[in-house]
Amino acid sequence: MKNLVDASHKVLMRIASTDVHAMPYSEAVHLAQTLRRLLNTHNHRYHVLDAPVVADNEYDRLFRALEQIEARYPDLIAPDSPTHRTGATPLDRFERVRHPAAMLSLGKAFDTAELEAWYERCLRGLRSRFDEDVRPQMTVEPKMDGLAVALTYERGKLVLGATRGDGAEGENITSNVRTIPSIPLAIPALLVPAEDSGAAIPPDRMEVRGEIYIRHRDFEKLNEAAAAAGDKLYANPRNAAAGSVRQLDPSITASRPLSFVAHGTGPVEGVEALPEGQYALLAWLGAYGFPVSEHAARSDSIDEVKSLYEEWLRKREELDYEIDGLVVKIDRFDWQEALGSVSNAPRWAVACKFPAKEATTVLNDIKVSVGRTGVIKPEAVLEPVPVAGVTVSSATLHNEDYIRDRDIRIGDRVVVKRAGDVIPQVVKPIEEVRSGRERTWEVPAHCPVCGSELRKLPDEVDSYCVSIDCPAQFIRLVEHFASRGAMDIEGLGAKLAVTLVEEGLVSTLADIYGLWRRSEQLIALDLFAEKRADNLLKGIEASKKRPLSRLVFGLGIRHVGRATAELLVARYASLNALSRAGAEEIEQIEGVGEVIARSVESWFAVEANRNLIECLRESGVNTERLPEEAPQTEEDSGKATGKTFVLTGTLPTLGRAEATARIKQAGARVSSSVSRNTDYVVAGENPGSKRERAAELGIALLDENQLLALLDG
Ligand code: IVH
């Protein structure tokens, strides 16, 4: 690691002191090669290991130097040059490619009994061939809900990326896979692979198989951007990933936040020793620089695998990506071979699926609700039905077009689906079982809450209640303002928002901060015990210190989601500054389009909104940008850049969240466990065993003051 950092800084100094454009060819050849290797290694550390060791701007400077050299001497552009991840020309169509070895699918087990039956079959198969009392080990991996791809490397260079297609033949999507940052263009992707990993020299030819997928948080941002641009929303991360990978123009693929994880190999040629089993293979792929699942486990007993299944069934919502089950594989490759395949699925592996998150039920009615922007949202009133362990009785129908496009009618039997922790949705009607008594649905002409006439603009998919006095909108706004992603006011949820507004305790957002003066009225409310009122007031007080972007998001400005709020705050240091900015200026921010910019400008143009901000400020709500919300500048890359910190115990003044934020702001990383890669352990009061572990490993210990000094320095 130290070598990598030293080598990078040496090159940074060199490019700072030479005119790269004027460099003689012989020198340029050498420097270009060094830059490529450094950049590919940093890229791997950033995107695969999540452990960068140089600041973003240092990476950018190295990148620019390579671009300059390649512009001056185009023959130095190599296939593994990180400057050429994007930039391939759009295709007319995808070429078909034959897989050298079929990409199989997997047999399925739908519960632990079927899993056990699979295992028994494997045991019988193995015991009939080997007269020993075999007890095969198994490797258990999450089954990623993505898109299968095969990546071919020749002498360490990525030469082909192909979709699975029908298993025998797929499509050539090389230019698209090259744009995915976690896919190495050259292997080993690390400058110095671990010494004993055997990954120093790449095989002559190797095919790596895995999944392309989109993380939940990236998916949310993608849909937020699509909504702001007035584009159609993606139904789920898998569809978004599949659609992104099958773009004829690689620059579109490049703009999508795709991730990759490897789970196996196809044919491998010209390598001294291949690992002997699946679990070791994953480590081997990791050593070459491929992302592999951090949750893969090896097990000796089917009972243990069954408990892993139960465990992941509970924990799957905690992951930042969708998994639809576990893949269980007999670990040893020679035993896999002995078991062989049936038609298109191996006997040695099984996909142990989680219960579907879909069910069918009757759509009893369609009601509309009024959102915080006045948007009218149709909601399905369903005959209650269990979906993957949760009883669902209502679901979203998105908007009028959604209902019309799918011809969903009241009385229909419909498919409902739950995905991630989002609200259930109605997927489609089952037209085959219609009785003829189903009714089509029309958007009501009037707001169900305030009775004013609804409007629909020609280029919008939704109808709106545009009355400024509509209480439904305001209730939703209060709920949104207090929600976890915004001001995170503990104790203020949907129900209480209704009560506060209906009881006249809150009629502008700023009234929330005056509630302490009315605690008697609060306690008098039916749902309030004194203690609860007290907790609510504490929650309100605590929310005054939230980062500015949370407040900007919480204001409920149309089209301003969380990600957009962060962009706005990175550009404007206070709410005041943002309120004075015009649409044209706001539009200059990368990632912010015209629609958003106009929406922000017009929100601040409303006098009531300007008064609101003033009242919030007077109540002591933070309206200034916090240090961690500022954009990173070159000067920011101090001593902590690229370092790994572990926190333990209670810090005297900084909370854990703030300490973490500050460390990250300094370009460093916070990890939860101490290892040899840890640079500093920050210990507060009552530190845990981490402190001892740090002492054992000889890792520097800091107290809060020392941490602050280091971050400032
Ligand atoms: S092994 C012959 N491992 O699931 C073995 N597949 O339903 C084939 N998948 O086409 C694949 N996660 O795209 C394997 N950890 C994992 C996987 C995985 C997802 C996909 C894969 C395959 C499909 C089969």
Side-chain angles (χ1 to χ4, degrees), residues 99-110 114-115 118 121-122 125 136 138-151 161-171 173 177 180 182-183 207-215 236-239 241-242 245-246 258-268 275 277-286 290-299 305 308-309 312 316 319-354 356:
H99 298 299
M103 288 179 81
L104 301 179
S105 68
L106 289 171
K108 297 183 181 89
F110 288 98
E114 292 186 12
L115 172 65
W118 165 81
R121 284 197 299 279
C122 288
M138 289 159 278
T139 294
V140 182
E141 301 160 34
K143 185 169 185 317
M144 307 291 297
D145 198 10
L147 195 84
V149 284
L151 308 170
T163 60
R164 175 171 183 275
D166 60 8
E169 226 179 54
E171 285 175 327
I173 51 161
V177 299
I180 301 173
S182 54
I183 291 184
E207 188 185 303
V208 174
R209 293 177 176 181
E211 302 284 306
I212 293 174
Y213 65 101
I214 293 184
R215 290 175 178 279
N236 58 50
R238 209 203 101 85
N239 286 2
V245 165
R246 296 197 71 264
L258 298 168
S259 299
F260 173 74
V261 62
H263 52 60
T265 49
V268 181
Q278 174 65 14
Y279 195 75
L281 179 77
L282 292 177
W284 187 79
L285 286 170
F290 293 95
V292 287
S293 174
E294 53 184 334
H295 299 296
R298 189 159 46 174
S299 176
V305 176
L308 279 171
Y309 173 80
W312 279 109
R316 68 164 147 168
L319 294 172
D320 192 28
Y321 43 82
E322 222 25 62
I323 62 175
D324 55 351
L326 297 179
V327 182
V328 186
K329 301 170 186 169
I330 299 294
D331 188 71
R332 274 176 64 163
F333 290 145
D334 53 348
W335 287 358
Q336 290 185 359
E337 211 169 308
L339 286 167
S341 306
V342 276
S343 64
N344 69 341
R347 289 198 190 88
W348 48 264
V350 70
C352 200
K353 302 272 284 184
F354 293 143

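One-based numbering, in listed order, for ligands and for the atoms of each. From a predicted model like this one, the values you see are computed outputs, not experimental measurements.
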Visitor: Please name the residue in the list Leu282, Val292, Val261 that meets the side-chain contact (heavy atoms from CB on, under 4.5 Å) test with Glu141.
Guide: Leu282

Visitor: Holding to ring pair (Phe, Tyr, Trp, His ring centres under 6.0 Å), I want the full list of residues that pass it with Tyr213, two or more places apart in sequence or in another chain.
Guide: Tyr321

Visitor: Let me know which protein residues bring a heavy atom to under 4.0 Å of ligand 1; chain then number is fine for ordering.
Guide: Leu104, Leu106, Glu141, Pro142, Lys143, Met144, Ala148, Arg164, Glu211, His263, Val327, Lys329, Pro346

Visitor: To check you understand the geometry: which heavy-atom pair defines the closest contact between Pro142 and His295, and what is its length?
Guide: CG-CB, 4.0 Å

Visitor: Main chain of Gln278, side chain of Trp284: is a donor-acceptor contact present, judged purely on distance under 3.5 Å?
Guide: no

Visitor: What's the spacing between Glu169 CD and Glu171 CD if we round to 0.5 Å?
Guide: 9.5 Å

Visitor: Atom CG in Leu104, atom CZ in Arg209: separation rounded to 0.5 Å?
Guide: 7.0 Å

